[in-house]
K.L.:
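There's a structure below that I have some questions on.
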Amino acid sequence: MLASGSGTNLQALIEAPEVSSHIRVVVSDRPEAAALGKARDAGIETAVVPWSDHPDRASFSVALADLVEEAGAKGVVLAGFMRVLSADFVERFSGRILNIHPSLLPAFPGARAVEGALGHGVKVTGVTVHFVEEAVDTGPIVAQRAVEVLPDDTVDTLHRRIQVEEHRLYPRVVAAFVNGALTLEGRRVVWS
Ligand code: GRF
């Protein structure tokens, strides 16, 4: 599990019994990430791979991939991880990396998805869970949930309602993933 921030999605995954026992390690690029505290409170192993300790994305990603593999993890779940992984990392865990994004992809990729949706005046946005490919916020879409944009919404109020949906959706998808009921064959998402 990789996380950079507050870790509310991580918390939802920790609270899902079908998921939590499968979490081998929670890794962050930021030692101060609140997500690490949530993992420690749940008795889950944590590690930090500081972004600033590495000269480039490639060496950062190698350190991260080595750590994930040494922990015995077979897949990688991104839960608010704010660094772009190298092509080599994605290749090494090909078809085994999931991400959650706060918009209905392919609309509003990138770090400012909620701002983007508000700025464009869309009436509906939402949540996307997808397998990770090299390019940011692309990759086969696994599941989506719509969230209505209200006339008085701010980035905060809208993001909060999006997160309610994230916390419902991600544990269900990740449970299927860790149980082998959700796989990627080529670019095809397969539920079994
Ligand atoms: C979520 O909105 C997720 O969609 C995005 O980053 C945010 C992480 O929030 N990738 P949290 O750290 O899980 O609270």
Side-chain angles (χ1 to χ4, degrees), residues 1-16 19-20 22-23 25-42 44 46-51 57 61 64 75-85 89-90 93 96-120 122 124-150 153-175 177-178:
M1 200 82 56
L2 306 186
S4 304
S6 57
T8 64
N9 279 285
L10 173 68
Q11 186 65 43
L13 294 169
I14 288 171
E15 286 169 14
V19 174
S20 59
H22 292 270
I23 305 176
V25 64
V26 171
V27 191
S28 184
D29 55 314
R30 296 174 57 240
E32 68 278 20
L36 291 171
K38 292 186 162 91
R40 275 187 222 110
D41 289 348
I44 296 169
T46 61
V48 180
V49 179
W51 175 257
R57 182 181 318 287
S61 298
L64 200 58
V76 179
V77 172
L78 309 184
F81 189 66
M82 300 310 283
R83 298 290 175 188
V84 177
L85 298 163
F89 186 104
V90 174
F93 296 96
R96 293 183 288 139
I97 312 172
L98 281 178
N99 184 42
I100 188 159
H101 182 77
S103 76
L104 293 175
L105 291 171
F108 309 117
R112 301 194 157 267
V114 182
E115 287 89 331
L118 263 187
H120 271 76
V122 298
V124 177
T125 183
V127 179
T128 301
V129 178
H130 65 97
F131 281 103
V132 171
E133 289 183 338
E134 188 188 339
V136 174
D137 297 330
T138 62
I141 291 174
V142 176
Q144 294 186 304
R145 290 290 180 273
V147 174
E148 195 183 345
V149 181
L150 303 177
D153 261 335
T154 63
V155 170
D156 275 357
T157 59
L158 179 56
H159 200 185
R160 235 176 283 141
R161 288 205 315 289
I162 289 172
Q163 287 216 302
V164 170
E165 290 303 322
E166 291 187 335
H167 302 160
R168 286 186 189 135
L169 183 61
Y170 216 16
R172 291 171 55 188
V173 172
V174 175
F177 180 58
V178 298

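What you are looking at is a predicted structure, and each value in this text was computed from that prediction instead of being measured. Both ligands and their constituent atoms are indexed starting at 1 by order of listing.
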K.L.:
Select one of side chain, backbone, both or neither to describe which atoms of E166 lie under 4.0 Å from any atom of ligand 1, heavy atoms only.
P.N.:
side chain
K.L.:
How close do V26 and I23 get, heavy atom to heavy atom, and via which atoms?
P.N.:
CG2-CG2, 4.1 Å
K.L.:
Please determine whether any non-hydrogen atom of G7 lies less than 4.0 Å from an atom of ligand 1.
P.N.:
yes
K.L.:
Using distance alone, determine whether L10 and ligand 1 share an N or O pair under 3.5 Å.
P.N.:
no
K.L.:
Checking the side chain of S20 only, and the main-chain atoms of E15 only, is there a donor and an acceptor separated by less than 3.5 Å?
P.N.:
no
K.L.:
Decide whether the shortest distance between a heavy atom of H159 and an atom of ligand 1 is less than 4.0 Å.
P.N.:
yes
K.L.:
For ligand 1, find out whether one of its N or O atoms is nearer than 3.5 Å to an N or O atom of N99.
P.N.:
no
K.L.:
With a 3.5 Å distance limit and no angle check, can you tell me whether Q144 reaches the backbone of L105 through a side-chain donor-acceptor pair?
P.N.:
yes
K.L.:
Considering only the protein, which heavy-atom contact is closest to atom 10 (N) of ligand 1, and what is its distance?
P.N.:
I100 O, 3.0 Å
K.L.:
Number the atoms of ligand 1 from 1 as they appear, then name those within less than 4.0 Å of a heavy atom of H101, with their elements.
P.N.:
4 (O)
K.L.:
Any side-chain heavy-atom pair from Y170 and V77 closer than 4.5 angstrom?
P.N.:
yes
K.L.:
Let me know which of N9, I97, I100, L98 forms a side chain to side chain contact (heavy atoms under 4.5 Å, CB included) with L78.
P.N.:
I97
K.L.:
For ligand 1, which atoms, with element, lie under 4.0 Å from some heavy atom of G80?
P.N.:
6 (O), 8 (C), 10 (N)
K.L.:
Among all protein non-hydrogen atoms, which one is nearest to atom 9 (O) of ligand 1, and what is the separation to 0.1 Å?
P.N.:
Q163 NE2, 3.1 Å
K.L.:
Please check this pair: side chain of H159 against backbone of E115, looking for a donor-acceptor N/O pair closer than 3.5 Å.
P.N.:
no
K.L.:
State if P102 counts as touching ligand 1 under the rule of any non-hydrogen atom under 4.0 Å.
P.N.:
yes
K.L.:
Has T128 got a side-chain atom pairing as donor or acceptor with S103's backbone, closer than 3.5 angstrom?
P.N.:
yes
